[in-house]
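Beneath this line is the structure, given in structure tokens, with notes to follow.
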Amino acid sequence: KPTKRFLYLLSPTEMDENKVLFYEIKISNILKYLPSFKFAITLFTLGVFTLIHQILKKELIVPSKLISNIGFLIFFLVIYSGIFSLIIAGSRYRVPLIPIMLIFGGYGVSNLLTKIKNGKIKEVANWVVLAVILYLIFSIHILPFTPDRSRWLDERRRCYQTANQILKGINFFEKWLTKNPSDADAYYHLGVLYLDAKNFTKAEERFLKCLEYNPSHKSAPYNLAIFY
């Protein structure tokens, strides 16, 4: 439903479509330090509130050309969000919204810095409290969503195979299993990589471990049959 997809669009969770982002962000030394969507939308909302407040207080006279530019950006945000709310929900579809949100957010932050420079500390404190409240609101998971861990592991293993980085893939899954020792899917994918590395003994051990934690696993018995 469009309403549900719109709420997912605003969700703090990184939803997957054909890529599984949630787990990738957790392990990436780059992605996990990039601003999250809830950070961007918080700054955007703060910037819009700041702009409206200044206009109402007549602290800012906005030229007609600037008004048309602001209107165009808001129009784009509304139309873009509306279109994808009718079609599909996914984190990658909201990426084009983030730069525009940061433009408004940058204005809000710039305005607060100006107020600090002018000694209006109490007013700045009120805006900071509002920003914290907004951040907490946008951190709420309105609708449940469970990232597809199994699919992510499968894509990871296939990437290592395609890039011919079998040993690197083995190291990744071994490390993953030290933190997630009962992950049957990880044992399966590790077994496949050991097969590629011609280490049949360890491959067999990993497939057996997979079945130990998930006796109904569909692919492990097929690969295990190679050894019998």
* Asked: After noting the C-alpha distance and the side-chain angles of R157 and D154, does the key distance pass the salt bridge (charged side-chain N to carboxylate O under 4.0 Å, His left out) rule?
  -> CA-CA 5 Å; R157 188 255 302 168; D154 179 73; 3.0 Å; yes

Quick one: closest heavy-atom pair of [X] and [Y], and the distance?
| X | Y | result |
| --- | --- | --- |
| L193 | G169 | CD1-C, 3.6 Å |
| L112 | V124 | O-CG2, 3.7 Å |
| A220 | C210 | CB-SG, 3.8 Å |
| L177 | D183 | CD2-O, 3.8 Å |

Donor-acceptor pair, side chain of [X] and main chain of [Y], under 3.5 angstrom:
| X | Y | result |
| --- | --- | --- |
| S110 | G106 | no |
| S28 | E24 | no |
| T178 | K175 | yes |

Nearest 0.5 angstrom please: [X] [atom1] to [Y] [atom2], how far?
| X | Y | atom1 | atom2 | result |
| --- | --- | --- | --- | --- |
| Y107 | T50 | OH | OG1 | 7.5 Å |
| T201 | R206 | OG1 | CZ | 10.5 Å |
| L102 | I41 | CG | CD1 | 11.5 Å |
| T42 | L130 | OG1 | CG | 9.5 Å |
| N180 | D185 | CG | CG | 11.0 Å |
| D196 | I166 | CG | CD1 | 4.5 Å |

Are [X] and [Y] side-chain neighbours, meaning at least one heavy-atom pair lies under 4.5 Å?
| X | Y | result |
| --- | --- | --- |
| F39 | L43 | yes |
| I170 | K202 | no |
| L153 | R149 | yes |
| Q161 | V192 | yes |
| I27 | W152 | yes |
| F104 | I70 | yes |
| L136 | V132 | yes |
| F44 | L77 | yes |

Would you say [X] has more than 12 foreign heavy atoms packed within less than 6.0 Å of its [atom1]?
| X | atom1 | value |
| --- | --- | --- |
| Y213 | OH | yes |
| F76 | CZ | yes |
| I30 | CD1 | no |

* Are N214 and Y187 close enough that a side-chain donor and a side-chain acceptor fall under 3.5 Å? ->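 No, Y187 and N214 have no side-chain donor paired with an acceptor closer than 3.5 Å.
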
* Determine, step by step, whether R151 and E155 satisfy the salt bridge (charged side-chain N to carboxylate O under 4.0 Å, His left out) criterion, reporting the C-alpha distance in whole Å, the side-chain angles of both residues, the deciding distance to 0.1 Å, and the verdict. => CA-CA 6 Å; R151 181 179 177 183; E155 291 180 356; 3.5 Å; yes

* Asked: Can K117 and L113 be said to form a side chain to side chain contact (heavy atoms under 4.5 Å, CB included), step by step?
  -> CA-CA 6 Å; K117 186 178 179 180; L113 291 175; over 6 Å; no

* With under 30° as parallel and over 60° as perpendicular, where do the rings of Y188 and F207 fit, or are they tilted in between? ->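 Judged by the thresholds at 30° and 60°, the geometry between Y188 and F207 is tilted.
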
